[in-house]
Amino acid sequence: MAPIKPTHVALIMDGNGRWAKKRLMPRSFGHREGSMALRRLVIDLVGAGVPYITVYAFSTENWSRPQAEVDALMGMIGEFFSSYIDELIENGVRVRFLGDLEKLPEGAKSACLLTQEKTKELERLNLNIAINYGGRDEIARAARLIAQKAAKGEIDPGSISQKDIEEHLYTKGIPDVDLVIRTAGEFRLSGFMLYQCAYAEFYATDVLWPDFTIEDFNKALAAFGSRERRFGGLGADGKQQ
């Protein structure tokens, strides 16, 4: 029997700065190489049997980094989607953004929104990009939206369910995460998709993100395929999770 593949894989792309430092280059150089690693991986994943990929590109906490680094990252975001939108369309990649894009500089915001609009009917691969995203922020946002509906009498506060919460997350309509992959040897979620990762498997690799390839991705899939997922129940050996 072939190993079970995850439906939704989340990637925490860590190590760009360390990759650049090892080469005596500025952090912005590492971020640029990291964006190229993402481009290569996305194309390799088209038709690979994993329909949903979500990557953590820029968190709500990343605004506290040095301004020069933030400016470089924002410029790269706009440049990336402006440059590769045709390639994404050609390969049937639907791009969806998770996070508050309103706070992005106009160039980056426009490139993101245009990419999302032009790829919305594609379906060979669903690529979610978390930009200006934080898991706690997302849950708080969902709570505010539900509270607003309750105040208008559109929803009964006593009947609010998990489904109601899920309907107000950025990931509405997207399956929960099955596998989280983090590069650069770190073992933290860093606020990434806290609700959606409730029962996700975790895989960490020492590979720095700019060096991450489809071969590394497949190693994570192999590890995932060897695990028994119990979702709070008992495994085949009768042991509790």
Side-chain angles (χ1 to χ4, degrees), residues 4-13 50-64 94-104 109 112-113 115-117 119-123 125-182 186-204 224 227-241:
I4 297 174
K5 283 189 177 181
T7 298
H8 187 176
V9 176
L11 287 155
I12 301 177
M13 306 178 294
V50 180
Y52 291 89
I53 301 292
T54 300
V55 298
Y56 207 4
F58 191 89
S59 76
T60 50
E61 289 75 29
N62 286 158
W63 295 107
S64 65
R94 179 184 179 179
V95 181
R96 181 171 171 175
F97 292 93
L98 315 179
D100 184 5
L101 298 186
E102 291 302 318
K103 295 183 179 180
L104 269 58
K109 174 185 168 183
C112 290
L113 293 176
T115 301
Q116 185 165 266
E117 176 63 26
T119 64
K120 66 181 181 181
E121 302 297 332
L122 304 178
E123 53 187 24
L125 177 68
N126 294 278
L127 175 64
N128 307 309
I129 313 284
I131 295 180
N132 193 28
Y133 173 91
R136 289 178 173 177
D137 181 73
E138 178 184 30
I139 294 169
R141 171 182 175 273
R144 288 194 298 272
L145 293 173
I146 293 171
Q148 289 168 8
K149 289 186 175 181
K152 295 177 182 177
E154 298 174 3
I155 187 171
D156 175 13
S159 68
I160 294 171
S161 65
Q162 290 185 26
K163 184 178 179 181
D164 291 312
I165 295 171
E166 290 159 9
E167 287 289 306
H168 293 85
L169 297 175
Y170 290 120
T171 51
K172 177 183 177 181
I174 297 173
D176 281 347
V177 176
D178 297 304
L179 172 65
V180 179
I181 302 172
R182 183 160 189 160
E186 302 295 345
F187 291 84
R188 298 184 301 274
L189 275 176
S190 297
F192 188 39
M193 304 184 81
L194 299 176
Y195 188 97
Q196 300 87 340
C197 289
Y199 282 100
E201 298 292 321
F202 199 91
Y203 178 88
F224 175 86
R227 299 179 188 178
E228 182 183 6
R229 305 186 75 200
R230 304 172 189 168
F231 299 98
L234 298 180
D237 57 5
K239 293 181 179 180
Q240 190 172 11
Q241 187 173 24

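Throughout, residue positions are numbered sequentially from 1 according to the sequence presented. Hydrogens, waters and symmetry mates play no part in the numbers below; they use all other heavy atoms, side chains included.
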Approximate separation, where rounding is to 0.5 Å, of [X] [atom1] and [Y] [atom2]:
X    : Y    : atom1 : atom2 : answer
Y195 : L169 : OH    : CG    : 6.5 Å
L104 : K109 : CG    : NZ    : 9.0 Å
F187 : R182 : CZ    : CZ    : 10.5 Å
Q196 : L98  : CD    : CG    : 8.0 Å
L189 : I12  : CG    : CD1   : 5.5 Å
M193 : I174 : CE    : CD1   : 7.0 Å

Identify the two heavy atoms, one from [X] and one from [Y], that lie closest to each other, and give their separation to 0.1 Å.
X    : Y    : value
L125 : I53  : CD1-CG1, 4.0 Å
F192 : T54  : CZ-CG2, 3.8 Å
Y133 : G191 : CE2-O, 3.9 Å
V95  : T119 : N-OG1, 3.0 Å
C112 : F97  : O-CE1, 3.0 Å
I131 : A57  : CG1-CB, 3.8 Å

*asked:* Can you confirm whether E154 is buried at CD, in the sense that more than 12 heavy atoms of other residues, nucleotides or ligands lie under 6.0 Å from that atom?
replied: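 Correct, the count exceeds 12.
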_Atom CD of E61: over 12 foreign heavy atoms under 6.0 Å_ =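 Yes, the 6.0 Å shell around CD holds more than 12 heavy atoms from other groups.
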*Only one of E166, R96, E138 passes side-chain contact (heavy atoms from CB on, under 4.5 Å) with T171; say which it is.*
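Among the candidates, only E138 passes.
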Side-chain donor-acceptor distances from residues 145-153 under 3.5 Å, at least two apart:
{"residue": "K149", "atom": "NZ", "partner": "H168", "partner atom": "NE2", "Å": "3.0"}

Side-chain heavy-atom pair [X], [Y] within 4.5 angstrom cut-off:
X    : Y    : answer
V177 : H8   : yes
P6   : E201 : no
D176 : Y199 : no

*Within the side chain of N126, is there an N or O that forms a donor-acceptor pair under 3.5 Å with the backbone of R94?*
no
*Short question: side chain of Y56, backbone of S190 - any donor-acceptor pair under 3.5 Å?*
yes
*All side-chain contact (heavy atoms from CB on, under 4.5 Å) counterparts of D100, not counting sequence neighbours*: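 Result, side-chain contact (heavy atoms from CB on, under 4.5 Å) vs D100: E102, K103, N132, Y170.
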*asked:* Taking salt bridge (Lys or Arg N to Asp or Glu O under 4.0 Å) as the definition, give me every residue that meets it alongside E186, ordered by chain and number, with sequence neighbours left out.
replied: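 In terms of salt bridge (Lys or Arg N to Asp or Glu O under 4.0 Å), with neighbours along the sequence ignored, E186 is linked to R18, R188.
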